[in-house]
Amino acid sequence: MSLHARKPDPIPEETARVARAAFPDGNLYLRMREALDVIHADEDFADLFPTRGQPAEAPWRLALVTIFQFAEHLSDRGAADAVRGRIDWKYALSLELADPGFDHTVLSEFRTRLLMGGAERRLLDLLLRCARDRGLLKARGRQRTDSTPVLAAIRALNRVELVAETMRHALMILATLAPAWLRAHGRPEWVKRYERRPEDDGLPSKRAARQELAAIIGQDGLEVLVAVDADDAPPWLRDLPALRVLRSVWVQNYLPTETGLRWRTEREGLPPSAQFISSPYDTDAHYARKHTTSWVGYKVHLTETCEDDTPNLITAVETTPGPVADGAVTPRIHQDLAEHDLLPGRHVVDTGYLDAELLVTIPEQYGVDLLGPTRKDYHWQARAGQGFDAQGFAIDWGHEQATCPAGHTSISWTPAVDNRRNRVIKIKFSTKDCGPCPHRADCIRSRKPSPRRTITVRPHEQYEALRAAREREQTETYAAEYARRAGIEGTLSQAVRRCGLRRSRYVGLARTHLGHLLTATAVNFVRIGEWLAGTPRAKTRHPPLAAVLAPAAAA
């Protein structure tokens, strides 16, 4: 499909007349078309199309339809039907009332062009540029970030179901692409064993029977892998994605021995969740857990503005596998904002996005004030609020020594790495000082005959940044500013309820991320429309019980 760029068509007179008669007070699509004219132009997508060939559907229309589609959580068929049948969409798209629209597959092809052309953010960027031109997006203002789980478009499987489904998937691919080879190397009993999905027939209820089945499946898969690796096998078979997944799943679930394969247990070592393949159909989706919530899939991080005099607009979207910690995403968020000239002056986040190192690097690299609650000191002195915690020790960074509240000086200063892979310094005191010290009970609970105190601190810059952040947390100004972070939960709720954010439409991290970017664009589109209409922001709803009894409790 080729592109011959031209200006967007004006709204046909008959379409405009009927739309205004049907919606005398306007609606979202009429209002946005009248206020912003057209957000996109064909030239914005010229690099994604060749210049020769059959003319393509106008990209500016496809971009708008994609936004409308995600704003109403429609399938491709549903969106194509809406283009044909809805007057307000025809008005926004400058279509005649009798226009038949286009085939629904055009939308999928357009998304593929965005993905393959590295233009996943383009629709979001163009809408943000439009908002900035109209003064709805401030530079260096306040922004906030939060994340939510996203279920992959697959079924969660236990390990026996996983190996059975992986084997079944590989055999189905071989039956389609290499039937003669499979006929020569397959077994007749595989038809009964792998023709149906494992969840359709169910697994044996007894553990011994399940392990026996897992061993049989393992041997079947090993036969396929050995046959594929043989010298007489077609080389291209080894490169089939289904066969590569089969090999990886067998490595993570079976242990080779002299007598064959043995089912791996936790004692023998299983890959961490960030590497463990949970489904043969989406190898990017992994098991994750946060508090009491567990899922197989991804995590999406949304960053939005939070000013009083402009609409709250999403400025950055990051999609990661589920097990990735929030703190690992913080630098990526700021790099993305910097590349698009959208950095805030103050970034409000929760504890997951903070650590001592980020409190130093983010302000230095991007000039952003990273605000949020720091991780607490979990040593018993800090939790109990008594005794000598690490903050009570005076540290002489130049001489690499620390002095305890009782006046004793440390004898050891050792750089190390903690269990979170953070650079730290371990400072130790002498047993000769700690043993007879009258404040020993305030400092040490060890029952060793020769106890001594050890404190662990961050490097100098991180230590000072962490201390300053903890001091700021005690101020009223901080409490008022951090209260803004709660508003991001309303954005997540809107994206979930209106756009289906918490369930991926697509398979794979790249396509799932594209879907999240388009969801963010749709949310921004709706919010700009509501802002232009003067719709007041929704307020937090409180149950009647709180409204009735809260005043009495306060009194």
Side-chain angles (χ1 to χ4, degrees), residues 142-147 290-291 303 306 325-331 333-334 344-398 400-406 410 413-429 439 442-445 453-488:
R142 298 186 189 91
Q143 295 187 31
R144 56 196 177 196
T145 297
D146 204 359
S147 65
K290 185 175 183 180
H291 304 306
T303 302
C306 50
D326 291 349
V329 186
T330 305
I333 293 173
H334 289 89
R346 174 167 291 167
H347 194 178
V348 186
V349 296
D350 65 12
T351 304
Y353 292 94
L354 277 176
D355 69 13
E357 183 177 2
L358 292 172
L359 288 172
V360 174
T361 58
I362 296 302
E364 285 183 352
Q365 294 180 15
Y366 302 104
V368 175
D369 178 16
L370 199 59
L371 183 143
T374 59
R375 287 185 173 86
K376 304 303 179 184
D377 185 346
Y378 290 107
H379 293 88
W380 69 266
Q381 299 93 339
R383 294 201 309 268
Q386 61 186 17
F388 301 151
D389 61 9
Q391 298 296 319
F393 288 69
I395 301 178
D396 185 344
W397 297 96
E400 295 187 348
Q401 284 184 330
T403 303
C404 74
S410 63
W413 179 287
T414 307
V417 177
D418 65 9
N419 56 4
R420 292 177 175 268
R421 299 182 180 180
N422 297 313
R423 293 185 298 115
V424 296
I425 299 170
K426 291 187 177 295
I427 305 173
K428 297 180 181 180
F429 290 80
H439 299 286
D442 293 325
C443 201
I444 304 172
R445 283 183 173 176
R453 181 66 187 272
T454 300
I455 62 172
T456 302
V457 298
R458 293 295 189 95
H460 189 189
E461 289 185 349
Q462 298 181 24
Y463 178 87
E464 296 297 341
L466 188 60
R467 186 175 65 175
R470 286 173 173 168
E471 290 177 354
R472 180 165 67 167
E473 288 178 43
Q474 309 305 316
T475 64
E476 294 183 0
T477 303
Y478 166 86
E481 193 68 14
Y482 183 68
R484 291 179 176 271
R485 195 210 65 85
I488 190 68

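All heavy atoms count here, side chains included; hydrogens, waters and symmetry mates do not. Computed from a prediction, not measured in an experiment: that's the story for all the values here.
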Where at least one partner belongs to residues 355-365, residue pairs that pass salt bridge (charged side-chain N to carboxylate O under 4.0 Å, His left out), sequence neighbours excluded: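 Pairs touching residues 355-365 that pass the test: none.
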What heavy-atom pair brings [X] and [Y] nearest, and what distance separates the two atoms?
X: Y478; Y: G372; result: OH-C, 3.2 Å
X: P405; Y: G392; result: CG-O, 3.5 Å
X: P331; Y: L358; result: CG-CD2, 3.8 Å
X: V360; Y: A465; result: CG2-CB, 3.7 Å

Non-neighbouring partners of [X] that pass salt bridge (charged side-chain N to carboxylate O under 4.0 Å, His left out), sequence neighbours left out:
X: K290; result: D326
X: D389; result: none
X: R375; result: none
X: R484; result: D308

Under the rule for side-chain contact (heavy atoms from CB on, under 4.5 Å), what residues qualify as partners of [X], not counting sequence neighbours?
X: I427; value: A402, S410, W413, I425, F429, I455, V457
X: H460; value: W397, E464
X: A416; value: V424, K426

Would you compute the distance between atom [atom1] of [X] and atom [atom2] of [Y] and round it to the nearest 0.5 angstrom?
X: C404; Y: D442; atom1: SG; atom2: CG; value: 11.0 Å
X: L370; Y: L354; atom1: CG; atom2: CG; value: 4.5 Å
X: T303; Y: I333; atom1: OG1; atom2: CD1; value: 4.0 Å
X: R142; Y: L371; atom1: CZ; atom2: CG; value: 10.5 Å
X: E400; Y: T414; atom1: CD; atom2: OG1; value: 9.5 Å

What pairs with [X] under side chain to side chain donor-acceptor pair (under 3.5 Å), at least two apart in sequence or on another chain?
X: T454; answer: none
X: R423; answer: none
X: E461; answer: none
X: H347; answer: T145, H334

side-chain contact (heavy atoms from CB on, under 4.5 Å) between Y463 and Q391, worked out: CA-CA 10 Å; Y463 178 87; Q391 298 296 319; 4.0 Å; yes
Expected output: side-chain R453 to main-chain F388 donor-acceptor under 3.5 Å: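 Yes, because the side chain of R453 sits within donor-acceptor range (under 3.5 Å) of the backbone of F388.
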Note, D350 side chain near D146 side chain (heavy atom, < 4.5 Å):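 Yes, at least one pair of side-chain atoms sits under 4.5 Å.
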